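First comes the structure, then the notes that go with it.
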Amino acid sequence: MADENSRASSKKRASAEGDSENNKRSKVENGDMADKYNPYLAHTYENNDMEGSSLLSGMKRRETTARQAERAEDGEYNPWTGQPHSQRYFGILKTRRDLPVHKQRAEFLEMYHNTQILVFVGETGSGKTTQIPQYVLYDELPHLNKKLIACTQPRRVAAMSVAQRVADELDVKLGEEVGYSIRFENKTTPRTLLKYMTDGQLLRESMHDHDMSRYSCIILDEAHERTLATDILMALLKQISERRKDLKIIIMSATLDAQKFQKYFNNAPLLAVPGRTHPVEIFYTPEAERDYVEAAVRTVLQIHATEPEGDILLFLTGEEEIEDACRRISLETDEMIRESDAGPMVVYPLYGTLPPQQQQRIFEKAPAPLRKGGRPGRKCIVSTNIAETSLTIDGIVYVVDPGFSKQKIYNPRSRVESLLVSPISKASAQQRAGRAGRTRPGKCFRLYTEKAFKKELIEQTYPEILRSNLSNTVLELKKLGVEDLVHFDLMDPPAPETMMRALEELNYLACLDDDGELTTLGGLASEFPLDPSLAVMLITSPEFYCSNEILSITSLLSVPQIWVRPNSSRKRADEMKRQFAHPDGDHLTLLNAYHAFKGAENRGEDVKKWCHEHFLSFRHLSSADNVRNQLLRIMESHGLELMSTPFNDKNYYVNIRRALVSGFFMQVAMRESTNSKVYKTIKDNQLVMIHPSTVLDNPYEWVLYNEFVLTSKQYVRTVTNIRPEWLLEIAPQYYNLEDFEKGEVKTALTRVAEKVQRRQAMKGGR
DNA sequence: GAGCACTGC
C-alpha cells in the first residue's frame, strides 16, 4: 500500500512540472482501447510512453555492456518506470551483486551477442533464474522492438514466485513490467516486458503462433528436468531458430550434462557459473541393504543419537511407506528419549497428495531441548521426490537416500502407464545430496554401496517423453504444424512403437485421418487441455444431448480423486459415498456428487463444511469447477452447444453412458464368464479386476473404464456399465468384427450384431 | 476389497 501511494504522488508531482514523458503517456492512453487491452496484442501495443526510457538512451539493443546496465541499475530513477528507486530496491541490488552469476555478467553478454542459442549451466544458488532474464532485459530493451522476453519453468509455483521476486528486484509492480502466465491465471499487461511462464503454457501459446513471434528471446529454465513440454519446446525452438534468425534462445540447466544440450543445439556455446552451496560429505553402506525402509529408519535414529544439531531429510517412495516410516521413527525416538536422554525429534511426512496445510508444517522450527541445557531437538522430514525439486526446505543438514523413487513407465504394447519403484539416477542422487548443503556443510547417507552408485545407477533419469503415452503429444505436434513426426528432431526420440500406438489411437478417435493428417475433430480436440479421448468425448457430447453433464464428468476426471477416505474413518467415508452411488457406475456417481456439491453451494451452505461432512475433497471439487469453467469457455468459443436431456427423461443417464462410449470405446472390458470377477480388456486381452473402490455391485458383462492401474493386481478404475450394441453403433471403425481375433469377445459381439440386425429387419418388415 | 512419484495444459 505504502509503495502504491508514494508512486502515485510522485507521478502527480512529475506531471505538475510538465514532464514531457508524462504528456506522451496521456496521449497514448486515449488511443485504441480495444487493442490496448487485448493481451494477445501485447507485443504490438505502442508503448512509446515508456517513462524514463530515456535513462537507457545511450544503450543500443543487443550491443549493451554490463557496465551500462549496472549504471542504469544504480541510477536514482527506475529506467523501466521513470519512478524514483525505492530504498528497498538498493538493498536488494546489493545482494544481487553478491550472487555468483553477477561476476560473469559481462562474459554472458558477450556470448549472448555473438550467438543465437546459448547453453547456460548454473548450479543451485547461482542466481541464474532471477538474474539472467534481467541481464537479457537490459540488453534486449524490449520497449524498443515490442517483443517480450519469456522464461519458462516446469512448475506453476516457481513461475509465480520467481516473477514476484524479479518484480521486487526491478522495483516494479508484479503484472506490470514483469508478469507471469500460468493456466487459469495470466498476470501480464500490455506493459509487460519480461514474462515468466510454465513450459506447458508456452507450448499451448505456440499452437496459435507457430513462430512464437511475440518473443525476441526465450529462456528455457530447468531444462535438465526434461519435462515433456521442455523437450517439445526444445525441438520446436530448434526448428524456429532456422526461420527466425532474430530469435535468441537460452537453455538453462543445473547439471553438467550440458554437453548433451550443446551438441543438440548444433554446438551452441556454453557458459557455466558455479553455484553457492556448502560441501556435503557422502557416506555409502559397505554392503547392499535388503530392506531399505528398515535401513532408513535405523540410519535416521543413528543420526539422531550421534550427530550434532541439524535437521534430517529422508527420501522414500510413496505415501504408505512414508506414513509407516514416520510411525516407526516416532516410536523409536520416544524410547530413545526415555532410555538414553536423547533430544526431542518431530517427524513430518511430506508427499504431494497431502493437503497444503499439512505440507506447510514441515517449515515449522525444530523443537527446543526438553529441558534447559538438554540435547537439542531436531525435525525429520520423510518425503517423496517432491523434496528433490519442487519444495526446498532450509536447515536440512542430513540427507538419508535409500536410492529409490516411484517412476512412471509406459508399455506401448499393452498401452498401460504405471508407477514402479525403481532405482534413481546419479543425477537424482546428487540432487538429493545437495539438499543437505543449503545452509551449512552437511552429510548424505546413501543406503547403497559406492560400487552400486558408480556401476548400477544410470546417469540421468529417462526423460518423460520416453516414459509416456504420447497420444496427447502427437496431437499437439500435429496442431503445431509438425508434418513429419518421424524426422522431428527430438533430443531423445521415443520408441517407434510408442509413436505408432499414438497415431493409431488418434486415428481410431478420428482425430487423424488415414494419411495421418489432422481432421477437423482433431484440430478441435487439440484446443482442449485434455487427453484426446476426453476431448473427443466432450466435443461429441452434444450429439448425445448431454454436453452439460459430460462437461462436468470430464472436469471431474481431470482432477485428483474427489473421494476422501481417511484411515481412521473408512467405513463412514464409504457410507457417505454410497449416498451418491449410481447403480450404473462410477462416472455417474462422480456426477451425482458434483451436483450435490453445487446444490449445497447454491443453497448458500458452508461448502467446506459440507464437503468435510460428506468425505469429499473441497480442494479437488473446487479445482474441478475451475477446470469446468475453462473447458466451458473453450466450448463456447468454438460454438459447441451446451444441453441436457431433461432429468426425468428415462434416457437422462443412458445418454450420458452412450456419450462416454464416444471417447472411451477403446477402454472396455468384458466379463470372463458368469459369476467371475475377472474381466478381459477388448483387443488387448489383459485380465483385469474392477477396482475395489467402485460403486458397481452388479456383475455387469460389459464395462467401460477410465484408467488401468497396475498395483498388486491389474485393476480398471472408475467404471461404468455399458451395452455392447452401443460399441458397434458408436465406434464401428474400432468394432469392425472382421478385425477381431477369434475368441469370446468376437463371439459375443457377433451375437450382439446379429441381434441388432434381426431387430432392424423386424422393424423394417413392419 | 485396495491405494496415490511428480508435474503441466
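Numbers restart at 1 for each chain; the letters A, B, ... are given by sequence-line order, proteins then strands. Computed from a prediction, not measured in an experiment: that's the story for all the values here.
Within 4.0 Å (heavy atoms only), A/Leu419 reaches at least one base atom of the nucleic acid. Among the protein residues, A/Arg226 comes within range of no part of the nucleic acid, since none of its heavy atoms lies under 4.0 Å from any strand. Note on A/Thr384: only backbone sugar-phosphate atoms sit closer than 4.0 angstrom, heavy atoms only; bases stay farther off. Across all strands shown, A/Tyr351 has heavy atoms under 4.0 Å from sugar-phosphate atoms exclusively, and none from any base. At the heavy-atom level, A/Leu228 lies nowhere under 4.0 Å from the strands shown. Among the heavy atoms of the strands lying under 4.0 Å from A/Thr198 are primed sugar atoms or P, OP1, OP2 only; no base atom is included. Residue-level contact check: A/Lys408 touches the bases, meaning some heavy atom is under 4.0 Å from a base atom. Looking at heavy-atom distances under 4.0 Å, A/Gln201 makes contact with sugar-phosphate atoms alone, never a base.
Electrostatic pairing of A/Arg671 and A/Glu701 does not count as a salt bridge here, judged by no charged N lying under 4.0 Å from a carboxylate O.
In this structure, of B/dT7, B/dC4, B/dC9, it is B/dC9 that holds the atom nearest to the side chain of A/Arg183. Minimum atom distance to the side chain of A/Asn472 is reached by B/dG8, of the listed B/dG1, B/dG3, B/dG8. Considering only side-chain atoms of A/Pro692, the nucleotide from B/dG1, B/dG3, B/dC4 that sits closest is B/dG1. Each of B/dC4, B/dA2, B/dC9 was ranked by its minimum atom distance to the side chain of A/Arg204; first place goes to B/dC9. Nearest nucleotide to the A/Arg155 side chain, out of B/dG8, B/dC9, B/dG3: B/dG8.
Panel note: side chain A/Thr519, backbone A/Ala510; a donor-acceptor pair is recorded below 3.5 Å. Judged purely by atom type and a 3.5 angstrom limit, A/Arg435 uses its side chain to pair as donor or acceptor with the backbone of A/Ala387.
In this structure, A/Lys577 atom NZ and B/dG3 atom C1' are separated by 12 Å, rounded to whole Å. Atom CG of A/Leu696 is separated from atom C1' of B/dG1 by 14 Å (rounded to the nearest Å). As rounded to whole Å, 14 Å separates atom C1' of B/dC9 from atom CG of A/Asn186. Put simply, NZ on A/Lys571 is 18 Å from P on B/dA2, counting in whole angstrom units. Note: CE (A/Met207) to P (B/dG8) measures 18 Å, nearest angstrom. When the P atom of B/dC9 is taken as reference, atom CZ of A/Phe528 falls 17 Å away, rounded to whole Å. Rounded to whole angstrom, the span from the CG atom of A/Asp586 across to the C1' atom of B/dG1 amounts to 14 Å. Rounded to an integer number of Å, the gap from CD of A/Glu323 to P of B/dG3 is 16 Å.
A/Arg361 forms no cation-pi arrangement with A/Tyr348, by the criterion of a distance under 6.0 Å to the ring centre and an angle within 45° of the ring axis.
The phosphate of B/dG1 (OP1 or OP2) has a side-chain N or O of A/Lys677 nearer than 4.0 angstrom. The phosphate of B/dG1 has neither OP1 nor OP2 within less than 4.0 Å of any side-chain N or O from A/Ser693. For the OP1/OP2 pair of B/dC9 and a distance below 4.0 Å, the side-chain nitrogens and oxygens of A/Arg156 include at least one atom meeting the criterion.
Ranked by how close their nearest DNA chain B nucleotide is to the 5' end, A/Trp563 and A/Ile386 are led by A/Trp563. When each of A/Leu350 and A/Glu476 is assigned the nucleotide of DNA chain B bearing its nearest heavy atom, the one mapping closer to the 5' terminus is A/Leu350.
Checked by atom type, the side-chain pair A/Asp586/A/Tyr705 shows no donor-acceptor distance below 3.5 Å. Residues A/Glu185 and A/Tyr180 bring a donor and an acceptor atom of their side chains to less than 3.5 Å of each other.
Between the side chain of A/Arg565 and the base of B/dA2 there is at least one donor-acceptor pair of N/O atoms closer than 3.5 Å.
Among A/Glu321, A/Glu323, A/Glu294, the one residue that satisfies the salt bridge (charged side-chain N to carboxylate O under 4.0 Å, His left out) test with A/Arg328 is A/Glu294.
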